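The block underneath contains the structure these notes are about, expressed in structure tokens.
Every value quoted in this text rests on a predicted model; they were computed, and no experiment measured them. Residue numbers begin at 1 in each chain, while the letters A, B, ... track the order of the sequences.
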Amino acid sequence: MSSKHLYLVDGSGYIFRAYHRLPPLTNRHGTPAGAVFGFTTMLWKLINELHQSDGPTHLAVILDASSKTFRNEMYDQYKAHRPPPPEDLVPQFPLIRDAVRAFSVPCIEELGLEADDIIACYSEAALAAGWQVTIVSSDKDLMQLIRPGLDLLDTMNNRRLGREHVLEKFGVEPEALGDVLALMGDSVDNVPGVPGVGPKTASELIRTYGNLETVLASTDQIKKPKLKQSLIDHADNARLSRELVRLKCDSPLPEPLDGLELKGLPPEPLRAFLEDMGFKSLLSKIQGDGPATLPGGGPTMLALAPGAEEKPAPVVEQVPFNHKDYETVVDEAALDRWIAEGFACGRIAVDTETDSKDPVRARLVGVSLATAPGKACYIPLAHVGDGLLSETPTQIPMAVAIAKLKPLLEAPDILKIGQNIKYDMVVFERNGGIRVAPYDDTMLLSYDLDAGLGGHGMDELAKRHLDHACIEFKTVCGTGKSQISFDKVTLDVATEYAAEDADVTLRLWQRLKGRLASEAATRVYELVDRPLVPVLADMEMAGIKVDREELARLSAEFAGEAARLEALIHAEAGGPFTVGSPKQLGDILFDKMGLKGGRKGKTGVYSTDVTEMERLAGEGVAIARLVLDWRQITKLKSTYTDSLQGEINPATGRVHTCFSMAVAQTGRLSSTDPNLQNIPIRTEHGRRIRDAFVAEPGKVILSADYSQIELRLAAHMADVPALKDAFARGDDIHALTAQEVFGEVTRDTRARAKTINFSILYGISAFGLSGRLEVSRAEAQDMINRYFARFPGINHYIAATLDQVRSTGFTTTLFGRKTHLPWIKSAKQGERQSAERQAINAPIQGTSADIIKRAMVRMNPALAAAGLGDVRMLLQVHDELVFELDPGQVDAASEVIRSVMAGAAEPIVELSVPLGVEIGTGPSWGAAH
DNA sequence: TGGTTCACG
DNA sequence: GACGTACGTGAACCAG
């Protein structure tokens, strides 16, 4: 007798039952997780029963891959009236897939088949092989499969359902159940059945006449006139229903039976998942060394055989890239086919092609879609001929395509997958009013999994994960002066390039998504980075108004000032030269004028940077001060007052930056085209540029910034009582440091203390500090020693952080964001030390980034809830958020903004220091500070 | 294209 | 005893 026992979990059915049975639990992130919890508990319990009599030796979770199946071809009304899943259940579906992966259990879904059919196929195969089968479900359709060797397990009521159960409930043998179900119909699935026939009648009819066909053939014997007529009138419906409830058991198995073997339970992915979800009660079961149990469960299989912790390689289809297989979609029927395919698959990769890298200017040129590896298309929409050789090709009209794509891109049950999907969101919103949702972003998946291990652009990811070299943009559009916009690319070339992007995106998603849970990145992805995408898209589209005339006035003024300074510099130098050339300046200063100074760097040029020039200026060298002033003025002019005028979008009259989400190694955003995160403020000249960032007429600018957030986080993370108490009291933290390190608080010691505090955040060295404070190394070392003595905890934080990065290769923020630092093991001292300093800084800078991102994600809903829906968030500058609003909204908005920002860490992280938020308002950004 | 400098947090 | 020396960005400019 075979001892093999296959358990098939009806995942979809279970999810719904768990959802309705359990109270609306939320996990530690405030995300609904009741169904996930029920599911996780059930799966755990099942796995625990491995090696018990009647316990599973093989296990798989079966899910519905799509809402459309072969039954829809039989009957287009099948499941047509089924309401969409409840709103708080939808986000739990992906988490349940994560749970299955965390258990290292196969998760099987197949296009065009319902979970029930897949279960039937596996049951058939397993029984044929002499195995026992248990289906974890209490679905009546699945009860058709009951026979010797196969039963159902109803985990909700903890009972096994066999032949007796079917007899009791339906009055017939399981083999006849399909006929009963066909007569009954099913209002939920919209199986028609025969009107007026319920379970009782159906059962009696089958018992009396044997099967459906004999019932339909024997209507003349039926006494009740209404029933008789109904059976006659709806015989066809009954036959259709019979086919609809029949389970398809002859499809090939997506995974061979042996692939479902249940091995132990690798604890790490599971631990990561449970921690991530905050399932403390379950987590406590796997902590400690003793055999863990669940209430009512047996011992877990956490004690693994040696080597068993090796994670099996994820099963990902390896389909070769064949660009000729991509389809160019130029007629509506083909588009309809692709859209239907997207609905059937449940998820689809999407990419847009446009005529500009700037999404706020870009016009949509085409859309590419991918539904499976190698299966992708390009839908050209605005391609034109080149005016010489080619003519404008026939394409689907833009409005028609948009109208057809919109339902797919906005369908709440269809996942849209993009690479840097923020770009596509902005393009779709502006070119068709489409709000893409729900979505995944492969760039962000990579960023949250692999920050520090390389870039996250598609070409690089394709190389790294798929060993595939993408067609480069420049080979399609050229480069430099001869570059053409994408709408001039011929359709065949455009299709190969664009469809490949969607294809690659889908394949990357398959590789990356499954790693989230097992590598503990779900939290930061789902609760921080992914939800931030539409928030940033809105900010980019909103832009900020700048006063062009004011910038022009400043440019003219700075030009005059620069010319004046340049003349003075040339006079001092004894002749004209290019002041902006560090090489020429160095030669003038240190060779021609004979000033003291040293060579620096490999290139052999003299250093003329700000510290060197300040040193000379301090020694009374007149030209040094003039050069510094000249540099500041020309910098401000070229980078800001000149360039910014050209960045004003003619259509909106505003400046629209682009926020990059996957550049900074620590989790911070960055800003480009133009960079609005480095607008001057520190000098008087610079501040005037910030004054040119103004509110629209009738509005005001509000700026809210975290006060000393990184130092507060350091106090919390390093657990420094003196610092935490000072922050709790609202003391001047630099004065406190001055008191502790120098014994007195003066203007000078406070300034030095401030420098020391920053040094700590950056990974201090005595040499570096000595340079900045202009004291000897010994004195600097002395200050550091006193700092560590007065603030115990800092030392320990540094040591513990370095320990962690050396053993795991990455640091983590309080929210679990990773920064990988592979150089930590470098043989070169310099590289290694650099990585060590990064390791000390990354958790602090990264936690700060996580917190403000969470504030941003929560901001618009909070404002809307307070009736402040038209307050617009415009910019983020690392610890500052900038808004534009009506003057009358300032007081109410300030309170909402303050409370969202101050509470942004909660409830995931409870900080032992308060987060201070300072708010200012005014007609301009400069005035709001 | 790489190096240098400097604007911001 | 020598080594190299503060974290994270982006943009403009010069020079090869």
Side-chain angles (χ1 to χ4, degrees), chain A residues 451-452 577-586 600-614 627-628 630-644 646-647 657-660 663-683 685-687 689-690 705-711 714 755-773 777 780-781 784 811 819 821 828-846 848-849 852 875-881 925:
Chain A
F577 69 102
T578 310
V579 184
S581 162
K583 186 173 181 297
Q584 290 187 35
L585 177 64
K600 200 171 122 183
K602 299 164 260 215
T603 51
V605 293
Y606 291 109
S607 170
T608 62
D609 68 10
V610 67
T611 52
E612 191 71 8
M613 300 304 285
E614 290 281 7
V627 167
L628 285 170
W630 179 89
R631 278 192 183 154
Q632 190 195 37
I633 290 293
T634 53
K635 176 87 170 184
L636 295 179
K637 180 173 183 295
S638 69
T639 309
Y640 302 104
T641 58
D642 288 352
S643 325
L644 225 37
E647 297 284 356
T657 187
C658 175
F659 289 104
S660 305
V663 172
Q665 311 296 304
T666 53
R668 273 192 178 180
L669 300 178
S670 81
S671 159
T672 60
D673 309 305
N675 181 356
L676 295 186
Q677 289 184 323
N678 71 344
I679 301 302
I681 192 169
R682 291 172 183 172
T683 66
H685 276 121
R687 197 173 297 244
I689 295 168
R690 217 169 256 232
D705 64 275
Y706 283 114
S707 138
Q708 321 219 52
I709 186 169
E710 293 195 5
L711 215 43
T755 300
I756 297 173
N757 276 329
F758 275 102
S759 314
I760 298 297
L761 302 178
Y762 295 154
I764 197 168
S765 84
F767 181 94
L769 187 61
S770 74
R772 273 160 214 274
L773 291 181
R777 263 178 84 166
Q781 188 59 58
I784 294 168
T811 61
T819 297
L821 293 166
K828 294 180 189 167
Q829 187 191 217
E831 287 176 347
R832 207 169 55 242
Q833 287 177 333
S834 174
E836 287 168 1
R837 291 192 298 272
Q838 290 171 31
I840 292 164
N841 180 252
I844 299 168
Q845 185 177 117
S848 166
I852 195 165
L875 298 176
Q876 187 249 48
V877 194
H878 310 308
D879 64 354
E880 174 189 11
L881 296 175
W925 192 8

TODO: Name the nucleic acid region contacted by A/Thr755, choosing base, sugar-phosphate or nothing; use a 4.0 angstrom heavy-atom cut-off, strictly under.
DONE: base

Open item on the list: What is the distance, to the nearest angstrom, from the CE atom on A/Met613 to the P atom on B/dT4?
Closed with: 16 Å

- [ ] Verify the contact: side-chain N or O of A/Ser765 to OP1 or OP2 of C/dA6, cut-off strictly under 4.0 Å; return yes or no.
- [x] no

Open item on the list: Could you walk me through whether A/Thr683 and A/Gln632 satisfy the side-chain hydrogen bond (donor to acceptor under 3.5 Å, both in side chains) test, starting with their C-alpha distance in whole Å, then the side-chain angles of each, then the deciding distance to 0.1 Å, before giving a yes or no?
Closed with: CA-CA 9 Å; A/Thr683 66; A/Gln632 190 195 37; 3.0 Å; yes

Open item on the list: Can you tell me which nucleotide in B/dC6, C/dC7, C/dG8 comes closest to the side chain of A/Tyr762?
Closed with: C/dC7

Open item on the list: Heavy atoms only, 4.0 Å cut-off, all strands: where does A/Glu880 land among base, sugar-phosphate and nothing?
Closed with: nothing

TODO: Kindly say if A/Arg631 contacts the phosphate of B/dC6, meaning a side-chain N or O under 4.0 Å from OP1 or OP2.
DONE: yes

Task: Heavy-atom closest contact (A/Tyr762 atom, A/Asn841 atom, distance) - done: CD2-ND2, 3.6 Å

Open item on the list: Counting only heavy atoms not in A/Phe758 (residues, nucleotides, ligands), do more than 12 fall under 6.0 Å from its CZ?
Closed with: no

Open item on the list: Does a side-chain N or O of A/Arg682 approach OP1 or OP2 of B/dG9 to a distance below 4.0 Å, or not?
Closed with: yes

Task: Given C/dT5, C/dT9, B/dG9, the nucleotide with the shortest approach to the side chain of A/Gln665 - done: C/dT9

Open item on the list: One character per nucleotide, please: for nucleotides 11-16 of chain C, 5' to 3', B when the base has a protein heavy atom closer than 4.0 Å, S when only the sugar-phosphate does, - otherwise.
Closed with: BSSSS-

Open item on the list: For a side chain to side chain contact (heavy atoms under 4.5 Å, CB included) check, start with the C-alpha distance between A/Met613 and A/Leu585, then their side-chain angles and the critical distance, and finish with the verdict.
Closed with: CA-CA 11 Å; A/Met613 300 304 285; A/Leu585 177 64; 4.3 Å; yes

- [ ] Pick base, sugar-phosphate or nothing for A/Ile840, based on heavy-atom distances below 4.0 Å to the nucleic acid.
- [x] nothing

TODO: State the pairing partner of C/dC3; accept Watson-Crick or G-U wobble contacts with both distances under 3.5 Å, and report none otherwise.
DONE: none

Open item on the list: What contact category does A/Glu710 fall into here, base, sugar-phosphate, or nothing, at under 4.0 angstrom with non-hydrogen atoms?
Closed with: nothing

- [ ] For A/Thr608, report the nucleic acid contact type (base, sugar-phosphate, nothing); a contact means any heavy atom under 4.0 Å.
- [x] sugar-phosphate

- [ ] Mind jotting down which residue pairs meet the salt bridge (charged side-chain N to carboxylate O under 4.0 Å, His left out) criterion with at least one end in residues 755-767 of chain A? Sequence neighbours excluded, please.
- [x] none

Task: Non-neighbouring partners of A/Thr666 that pass side chain to side chain contact (heavy atoms under 4.5 Å, CB included), sequence neighbours left out - done: A/Ala664, A/Arg668, A/Ala842, A/Gln845

- [ ] Take atom CD1 of A/Ile852 and atom P of C/dG8, then tell me their distance rounded to the nearest Å.
- [x] 19 Å

Open item on the list: Is A/Thr666 close enough to C/dC7 that one of its side-chain N or O atoms is under 4.0 Å from OP1 or OP2 there?
Closed with: no

Task: Between C1' of C/dA6 and CD1 of A/Ile764, the distance in whole Å - done: 9 Å

Open item on the list: As an exercise, state the distance from CD1 of A/Ile852 to CG of A/Leu669, rounded to the nearest 0.5 Å.
Closed with: 8.5 Å

Open item on the list: Within the 4.0 Å heavy-atom criterion, would you say A/Arg777 contacts the bases, only the backbone, or no part of the nucleic acid?
Closed with: base

- [ ] Please tell me which of the listed nucleotides, C/dT9, B/dA7, C/dA6, lies nearest to the side chain of A/Pro680?
- [x] B/dA7

Open item on the list: Rounded to whole Å, please give me the gap between CD1 in A/Ile689 and P in B/dC8.
Closed with: 9 Å

Open item on the list: Under 4.0 Å, heavy atoms only, any strand: does A/Leu761 hit a base, just the sugar-phosphate, or nothing?
Closed with: nothing

Open item on the list: Measuring from the side chain of A/Arg690 (C-beta onward, heavy atoms only), which nucleotide among C/dT9, B/dC8, C/dG4 has the closest atom?
Closed with: B/dC8

Task: Spacing between A/Glu836 atom CD and C/dC3 atom P, to the nearest angstrom - done: 19 Å

Task: Gap in Å between the two C1' atoms, one belonging to B/dC6 and one to C/dG4, rounded - done: 23 Å

Task: Phosphate OP1/OP2 of C/dC7 contacted by A/Arg837 side-chain N/O (<4.0 Å) - done: yes

Task: Side chain A/Ser759 and base C/dA6 donor-acceptor under 3.5 Å - done: yes

Task: Interatomic distance at C1', C/dC3 relative to B/dC8, whole Å - done: 32 Å

Task: Nearest listed nucleotide, side chain of A/Ser670, among C/dG10, B/dT5, C/dC7 - done: C/dG10

TODO: Mind calculating the distance between CD (A/Glu612) and C1' (B/dT4) to the nearest angstrom?
DONE: 14 Å

Task: Length of the line joining A/Arg668:CZ and C/dG10:C1', which is rounded to integer Å - done: 13 Å

- [ ] Would you give the length of the straight line joining atom CD of A/Glu831 to atom CG of A/Leu821, rounded to the nearest 0.5 angstrom?
- [x] 12.5 Å

Open item on the list: Distance check needed: C/dA6 P versus A/Asn841 CG, whole Å only.
Closed with: 13 Å

Open item on the list: With nearest nucleotide decided by heavy atoms, which residue, A/Ser834 or A/Gly830, maps closer to the 5′ end of DNA chain C?
Closed with: A/Gly830

Open item on the list: So which atom in A/Ala714 and which in A/Leu761 form the shortest heavy-atom distance, rounded to 0.1 Å?
Closed with: CB-CD2, 3.7 Å

Task: 4.5 Å side-chain heavy-atom contact, A/Thr608 and A/Val627 - done: no

Open item on the list: Taking 4.0 Å as the cut-off, does a side-chain nitrogen or oxygen of A/Gln838 come that near to OP1 or OP2 on C/dG8?
Closed with: yes

